[in-house]
Amino acid sequence: MKTLYSSTLPRFQTQYIKHAFKFRTHDSFPKHYFLHNSQNSKRLILSKLETSKNESNMKGNKSRLLMPTKTKISAPEPGAPPVSGGGGPVEPPRGNKVGSGLLKRLPKKVLSVLSNLPLAIAEMFAVAALMALGTAIQQGESLDFYYRNYPEDNPVLGFFTWRWILTLGFDHMFSSPVFLGTLALLGASLMACTYTTQVPIVKVAKRWSFLHSAESIRKQEYSDTLPSASIRDLGVILMGAGYEVFLKGPSLYAFKGLAGRFAPIGVHLALLLIMVGGTLSAVGSFRGSVTVPQGLNFVIGDVLGPVGSFSIPSESFNTEVHVNRFYMDYYSSGEVSQFHSDLSLFDLNGKEVMRKTISVNDPLRYGGITIYQTDWSLSALQIMKDDEGPFNLALAPLQINGDKKLYGTFLPIQNADSNNLKGISMLARDMQSIVLYDQEGKFAGVRRPNSKLPIEIDGVKIDVLDAIGSTGLELKTDPGVPIVYAGFGALMLTTCVSFLSHTQIWALQDGTTVVIGGKTNRAKGELPDDMNSLLDQVPEIVESSSSAESNIISG
């Protein structure tokens, strides 16, 4: 007898050919079925489905809707997680096995305390508070600085003095035992939480979880019933939507978005990477600063000093740095806009290994050492006196109100042995103009270096040739930077992945009816709409009312 099949959707109300898919199983899993969707399949595989026990009791001869799809029929690999035979969701394992390695030896109570969420939140607030305090308190200053700024006779907040800072190591906050200890405690809490909570959740999410009672399925967040439908048709539809589908007799289990379950573990690992990198930077770095006049050299190892007890120098510390040239750029108003240093690096044999012109925000990196352009000053003024010279006059910084720099020098015009020494004073704010004063202190004129315009003051002819600058450099090694960058990259990636919804679907063939239930850990409001859209595609089985109608259809 021929049979008419129709769909719940109007566009599917037509005649269909009798076909079926047959699911083949692995020898080690003779009673379990696995549907796996393959997007790259090149051919159409059609086979016959074995009907379930409940479907075999249906009255009359029935056929099934042929739903052509590119599928790959496969079975679970040997060693796959066992299938749950219970009637409800699989609970996390509660065995006595704690783990391997160090965690295996830790008492359960210690793990329970460390994985406590309020404790972890308190540790994060403590780390944040210490970081804020380290920003407020000047780091790495001399003892006299803290004596003067945090005196005992006028304590900050009524109790905070230099004794607190020096005793607790807050003058080097990020390598102090208090900060590193709090950071280590937070790391232990993250590892304990990952091991006791996140790993079991992932293990359960990967396990096949069949529900064998309609009541259990209807208790899920979403549930629905399809009359006159086949659970295997539902499996094919779910495969097309990207689900991994498992069949066991009249029961079906499907899931997708398992990566969202792994994401919290990735977030924890990323945070641990950031903390490890930050700790390595705090205890294994070198830092130093130097001001070098143009044309002079310095050795990197003479400038760098260890920050922590685990700071180990490298071969690059023997490198010599030569300042070829220092110069500045100016705004149209005359203010300094940028300053540059042309640097050459030489090895122990005097061979130039690198040369680069650095500026603010454009450092030089070599052998794990970074050289930053941070400051500038003026070291000397080069002049011609009465067509003799050139002479280099040392420039000294002058103390003035405000942040502007001012440098001065003095050219004597009388015998140095005289008790009343007089001369010409010269002042410079930058490298583009020099202000000259006579021996009475009166303004004499302004000259630009290398302008070739001599000026005569008190009978002395002066030609300003050049203003020689000094470059302010900061050097550091920071082995933790690559680890911190990797941690932040992993944190951004895993945070995005964590927004993927892990959706689980259960179904049971109850006679000619399919009971469906599902739940998701995110996007709970979208689950009903998504499920309704999928269920509308499941074909409905319709039995012919008479043999006459069957004959008409067959004709």
Around [X], counting heavy atoms of other residues, nucleotides and ligands shown, do more than 12 lie under 6.0 Å from its [atom1]?
X	atom1	result
Asp144	CG	yes
Glu141	CD	yes
Met354	CE	yes
Lys219	NZ	no
Phe499	CZ	no
Gln138	CD	yes

TODO: May I ask you to decide if Leu238's main-chain N or O and Lys256's side chain share a donor-acceptor pair within less than 3.5 Å?
DONE: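 Not confirmed, Lys256 side chain does not pair with Leu238 backbone.
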TODO: May I ask you to check whether Glu152 and Thr161 show a side-chain donor-acceptor distance below 3.5 Å?
DONE: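 Absent: no donor and acceptor within the cut-off.
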- [ ] Provide the closest heavy-atom pair for Met431 versus Phe326 in the form atom of the first, atom of the second, distance.
- [x]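 Closest approach of Met431 to Phe326: CE-O, 3.8 Å.
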Open item on the list: Can you give me the closest heavy-atom contact between Ala192 and Leu114, atom names plus distance?
Closed with: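 Nearest pair, atom of Ala192 first, then Leu114: CB-CB, 3.7 Å.
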- [ ] Output every pair passing side-chain hydrogen bond (donor to acceptor under 3.5 Å, both in side chains) with a member in residues 171-190, not counting sequence neighbours, ordered by first then second residue.
- [x]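 Pairs touching residues 171-190 that pass the test: Glu123-Ser189.
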TODO: Please collect all side-chain hydrogen bond (donor to acceptor under 3.5 Å, both in side chains) contacts where either partner lies in residues 266-293, sequence neighbours excluded, each pair once.
DONE: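 For residues 266-293: Thr194-His268, Ser281-Asp478.
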Task: salt bridge (Lys or Arg N to Asp or Glu O under 4.0 Å) contacts touching residues 481-495 (sequence neighbours left out) - done: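 Non-adjacent pairs meeting salt bridge (Lys or Arg N to Asp or Glu O under 4.0 Å): zero.
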Open item on the list: Name the residue from Tyr150, Trp164, Phe160 that meets the side chain to side chain contact (heavy atoms under 4.5 Å, CB included) definition with Phe170.
Closed with: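 Of the listed options, the one satisfying the test is Phe160.
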Task: Contact check, side chains of Gln294 and Tyr327, non-hydrogen atoms, under 4.5 Å - done: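 No, their side chains stay 4.5 Å or more apart.
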